[in-house]
Amino acid sequence: MSVLQRDRNVTVLRPAGRFNRRLGGLALVYGAVGAVALALVLLVPSLVAWTADSRSSVSWLDAMSFAGDGWVLAHHGSLRAPAGSVTHVVTFAPLIFTALALWCARAGAKALLREVEHEGRDAGRWWHPVALFIGGYLIAGLLLAVLGATGTATPRFLTVIPGAIVVAAAGFGWALRAEPDAPAYAVCADWWERVPDGVRRGVRPACEAALALFAVATLVLVLLVATHTSRIGQVNGLLGPGAVGTVILALAQLASVPNMVVLITGWTSGASVHVGTATVSAGAVHTGLLPSIPVLGAIPDPGAFPVYLRVVPLVVVLAGGYAGARAAGALSTLSGLRTKLTAAASAAGLLTVGMSLLAWIAGAHVSGAPLARAQVGLVVLPLFALEFVVGALVAAAALHYIRVRRSHV
């Protein structure tokens, strides 16, 4: 009886070399569903605004094309937008849309991995579901880009491909973390074990330090908005968007908050942030024209900053110090100074790469339109590298000598 009463959900390993067509089809479908889910989320506010706003002059097809255009931008694709006789190239990836795309891809991958458990696994062909899932996501994304092309703006299809592949793969990897029995998990774990130990130890501290920087940047943004509410209201009044337009404009600005937080984080390193033709440097706000976006009214008046703001880059140094101390602190007291400095430097390097990449993705730019840009200067990369590494190495060395001294007491 005990044999008959065993759990029937046991996983079956299929003979090596046999391809499960049904599972392959499911992988394509779930990948496509993960892509379409984001488009449906973007489609709802677009159609609601088109229906509710009596002043809307576009067709329902133009309103639906927003879902395709938003999907393209969320994956760091770009659009061609005609303006009279000139065509501009729009590049802007709302990070909240990108995060939502990653979550949708993860949801689709989780559903696929449950099917893998039920259908049985072929350890020799572990990569088939992964490749087909990514392929389904990419195919659906290109079809959504075609939907976006029915509107005024036209997606640049080749720019969609890299972002779609990265998001689909990252979403699958995120879902895979909860499925340690999957063959792909075992393969990825084996690859991860081959990464130098110092680099692996630096991932978590780097993420924690990045979150701390984002918290500081968010506080700065809240203070700026709170102290310039009247100016923001004036800009909104001049635009006269109406009741529905005000709600849509507010939602659009909220969607860009993560991008603004990342740009402020770049500014804390000492790099300049260019908004329109104005520049916010480490020491002053240089006058210039700004796009007619209400939240940009929170930018301080042109002129020099107070002297005490010159020490803001120390925040980045402290974040690097935190990452370095956490990476070195995870090692035993008996570990040598060189080992701890290597772990700290790895954390600082990962933090530099991650923050610099985010600063690049968070920027917005419209070719041929000087006012339509919001970017951190390229100098942010060497500044992040210097400040993170210095902070990490100093903190790791100090922690090492403190521990050694205590061990001899």
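Just so it is clear, the model here is predicted, and its values are computed rather than measured.
The heavy-atom pair separating Ile134 from Ala169 by the smallest distance is CD1-CB, 3.9 Å. Minimum interatomic distance between Gly270 and Leu383 (heavy atoms only, all atoms of both residues): C-CD1, 3.6 Å. In terms of heavy atoms, Pro94 sits closest to Ala255 at CB-O, 4.3 Å. For Thr150 against Ser65, the heavy-atom pair with the smallest separation is OG1-CB, 3.6 Å. In this structure, Leu254 and Pro258 approach most closely via the heavy-atom pair O-CD, 3.9 Å. The two atoms that bring Phe133 and Ala168 nearest to each other are CE2-O, 3.7 Å, heavy atoms only.
To the nearest 0.5 Å, atoms CG (Leu224) and CG (Leu296) are separated by 11.5 Å. Rounding to the nearest 0.5 Å places CG of Leu341 at 10.5 Å from OG of Ser346. To the nearest 0.5 Å, the span separating CG on Leu102 from CH2 on Trp174 amounts to 5.5 Å. Note that the CD1 atom of Ile161 and the CZ atom of Arg156 stand 12.5 Å from one another [nearest 0.5 Å]. Between Leu144 atom CG and Leu38 atom CG the span is 8.5 Å, to the nearest 0.5 Å. One finds the CG atom of Leu142 at 7.0 Å from the CH2 atom of Trp71 (value rounded to the nearest 0.5 Å).
At a threshold of 4.5 Å between non-hydrogen side-chain atoms, the residues Val257 and Leu221 count as touching. Using a 4.5 Å heavy-atom threshold, the side chains of Asp301 and Arg231 count as touching. Within the 4.5 Å cutoff, side-chain heavy atoms of Thr265 are placed close to those of Met355. Counting heavy atoms from C-beta outward, Phe97 and Leu42 have side chains that approach closer than 4.5 Å. In this structure the side chain of Leu132 never reaches within 4.5 angstrom of the side chain of Tyr30, judged on heavy atoms. Residues Trp267 and Val376 form no side-chain contact, since every pair of their non-hydrogen atoms from C-beta on lies 4.5 Å or further apart. At a threshold of 4.5 Å between non-hydrogen side-chain atoms, the residues Glu208 and Leu211 do not count as touching. When side chains are defined from C-beta on, Leu79 does not count as touching Phe92, because their heavy atoms never get closer than 4.5 Å.
Other residues, nucleotides and ligands place more than 12 heavy atoms under 6.0 Å from the CG atom of Leu219. Taking a 6.0 Å sphere around CH2 of Trp103, one finds it holds 12 or fewer heavy atoms contributed by other residues, nucleotides or ligands. No more than 12 heavy atoms of other residues, nucleotides or ligands shown are found within 6.0 angstrom of CG on Leu158. No more than 12 heavy atoms of other residues, nucleotides or ligands lie within 6.0 Å of CZ in Arg204, so this atom counts as exposed by the packing criterion.
The main-chain N or O of Val316 is never found under 3.5 Å from a side-chain atom of Glu387 such that the two would form a donor-acceptor pair. Looking only at distances, no side-chain donor or acceptor of Arg373 sits under 3.5 Å from a matching main-chain atom of Val275. With Thr87 contributing its side chain and Ala81 its backbone, the two residues share no donor-acceptor pair below 3.5 Å. Thr159 places a side-chain N or O within 3.5 Å of a backbone atom of Ser78 that can act as its donor or acceptor partner.
Ring geometry for His76 against Trp360 counts as tilted: the plane angle lies between 30° and 60°, on a 0 to 90° scale.
None of Leu358, Leu213, Ile361 except one satisfies the side chain to side chain contact (heavy atoms under 4.5 Å, CB included) rule with Val262; the exception is Leu358.
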Handout entry: Check against side-chain contact (heavy atoms from CB on, under 4.5 Å), Val261 and Val220
Key = CA-CA 9 Å; Val261 168; Val220 172; over 6 Å; no
Practice task
Test Phe305 against Val285 for side-chain contact (heavy atoms from CB on, under 4.5 Å), laying out the working first.
Solution key: CA-CA 8 Å; Phe305 288 133; Val285 176; 3.5 Å; yes
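For residues 278-288, every residue pair satisfying the side-chain hydrogen bond (donor to acceptor under 3.5 Å, both in side chains) rule, not counting sequence neighbours, is listed here: His274-Thr279, Ser281-His286.
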